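Below is one structure, written out as structure tokens; the observations come after it.
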Amino acid sequence: MIVAALDVFANSLDFIVDQRHLLLEKTWDHIVLSAAALAVSVAVGVPIGVLLGHLHRGSFVAVNVANIGRAVPTLVVIAVGFVFLGIGFTNVMVALVILAVPPILTNAYVAVDQVDADAVEAARGMGMTPWQVTRRVELPLALPLLFAGIRTAAVFVVATATIAAIAGGGGLGDILVNQASYRVEGVVAAALCVSLLALAADAALGLLQRALTPRGLKHQVPAFEPDVRPVVSTG
Amino acid sequence: MAEPVIPDFGEASDCVTENRLFCPDWVRENWDPVLQPALVQHIYLTAIAVGVGFVISVGAALLAHRLSHVERPFAFLAAVIYTIPSLALFQLLVPVTGLTVTTVEIALVSYTVLILFRNTLAGLRSVSPDVLEAARGMGFTRNQTLWRVELPLALPAIVAGLRVAVVSTIALATVAAFVVSKGLGGPILGALRLDFRTEIIVAGALAVGLAIIADVLLVLVERVVTPWAATRRTA
């Protein structure tokens, strides 16, 4: 059994070398799709979460959006999207955005909501406008938690984009769900690529987080930190 | 001459042939042969994964609570596995364990471990030093303190972790259908390939409903096992 398994892994390495053009092309499609979906989700989730957190309102909505998001299986979102939107890019984008918005929104809300009230008070006392308070005090202090949400969402999106292949999403999922054409070697090779891509996405966002963190707060932003906070309460 | 034998597959209703959004007659006919077994299998897949994951992670958390150098390597490994997309992890295990339930369970257990481990450990560590001091003052041994003080106080965090683990395992188990035709992912995937709307919607709704019911049940469990929290809630 072990020998057979090693054989498959050896063959899949051959596949990676032989089919590097195919894999690169699919990986690139995968990155474009994931990046587009993540960008839309950030554009939707961050402003809403930050606004609600700034006003300290809507905790019920913000927390429960995440719970519902967790309960809805990816495959169901894709399948139901397929029923209403048919095959193609739109369906896949909608499904990925639906999955990525909850962790982003909830983390943005919690991050801003729990910023030290004294710091906000002090900023107000210095005569800052609400916008300045958000921009210069709340956001920098909320950055680690906010980014934890975006990193979780990024891993979600990269992972889910593979399943999207059955609804015409393209990317590495095309290989992953098509063992008939690519055989086990191809599927294992694609699985390796997707796993590396997910880890790379997390690491890349970690670097971005580091770059955006003001120097005074930069004591520790590890390059690889896949959201290891405990889930304290789920509402 | 014998008459040609044409097998009788029954007759599809207009609703089914026209592939309308929801056909009650199809659901009635296929509940017993298709939907119910899939639902039961789904519950089994989830229960086994969370059960095994719970034993592993509580054991590891207790170990890490005693020997602090165990925590980092274990948490890191669990976090790396957690980042690997589910479909990819299933496929990576196929050469080793084949297209079996074992493959699915190994992957599902791995995903529950990170959630349960970090929550259990956080719960154990959240016990206030004053309480521990009081326990020692009452002459409790280390084991007595663990079983009668630390673990009960860690229960809310452990149950919070269980809720997240159960709900996300129910969602992830749908993806298992790419490896073995078990659980609600089977009908969803099959219907997706045939473009049959009723089955997609009903099986999808069952998966989401199952997650919500499981979550509500665990909230009730939490109230039963932590009766002291109720007085705090009303206060």
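Computed from heavy atoms alone, side chains included, the values below leave out hydrogens, waters and symmetry copies. In this text the structure is predicted, and so the values were computed from the model without any measurement.
- Annotation: Lys26(A), atom NZ; neighbour count of heavy atoms from other residues, nucleotides and ligands within 6.0 Å is above 12.
- Two rings, from Phe90(B) and Phe178(B), have their centers 6.0 Å or more apart.
- Proximity to chain B is limited to the side chain of Phe9(A), based on heavy atoms less than 4.5 angstrom apart.
- When Ile188(B), Thr120(B), Val94(B), Ile200(B) are compared by the number of non-hydrogen pairs under 4.5 Å with chain A, Ile200(B) comes out ahead.
- Ranked by heavy-atom pairs under 4.5 Å with chain A, the first of Leu184(B), Asp195(B), Leu172(B), Leu210(B) is Asp195(B).
- Around the CZ atom of Phe196(B), the shell of radius 6.0 Å holds more than 12 heavy atoms that belong to other residues, nucleotides or ligands.
- Contact count versus chain B (heavy atoms, under 4.5 Å) is highest, among Val187(A), Val72(A), Val158(A), Leu75(A), for Leu75(A).
- The residue among Val177(A), Val77(A), Leu196(A) with the most heavy atom pairs within less than 4.5 Å of chain B is Val177(A).
- With a threshold of 4.5 angstrom between heavy atoms, Val188(A) approaches chain B through its backbone and through its side chain.
- Of the listed residues (Ala191(A), Ala190(A), Ser12(A)), the one with the most heavy-atom contacts under 4.5 Å to chain B is Ala191(A).
- Residue contact with chain A, scored on non-hydrogen atoms closer than 4.5 Å, involves the backbone and the side chain of Leu92(B) alike.
- Side-chain N or O atoms of Asn119(B) include none that pairs as donor or acceptor with a backbone N or O of Ile158(B) at under 3.5 Å.
- For the residue pair Asn11(A) and Glu185(A), the shortest heavy atom distance occurs at CB-CG, 3.1 Å.
- The closest donor-acceptor contact from the side chain of Glu105(B) to the backbone of Ile48(B) lies at 3.5 Å or more, if one exists at all.
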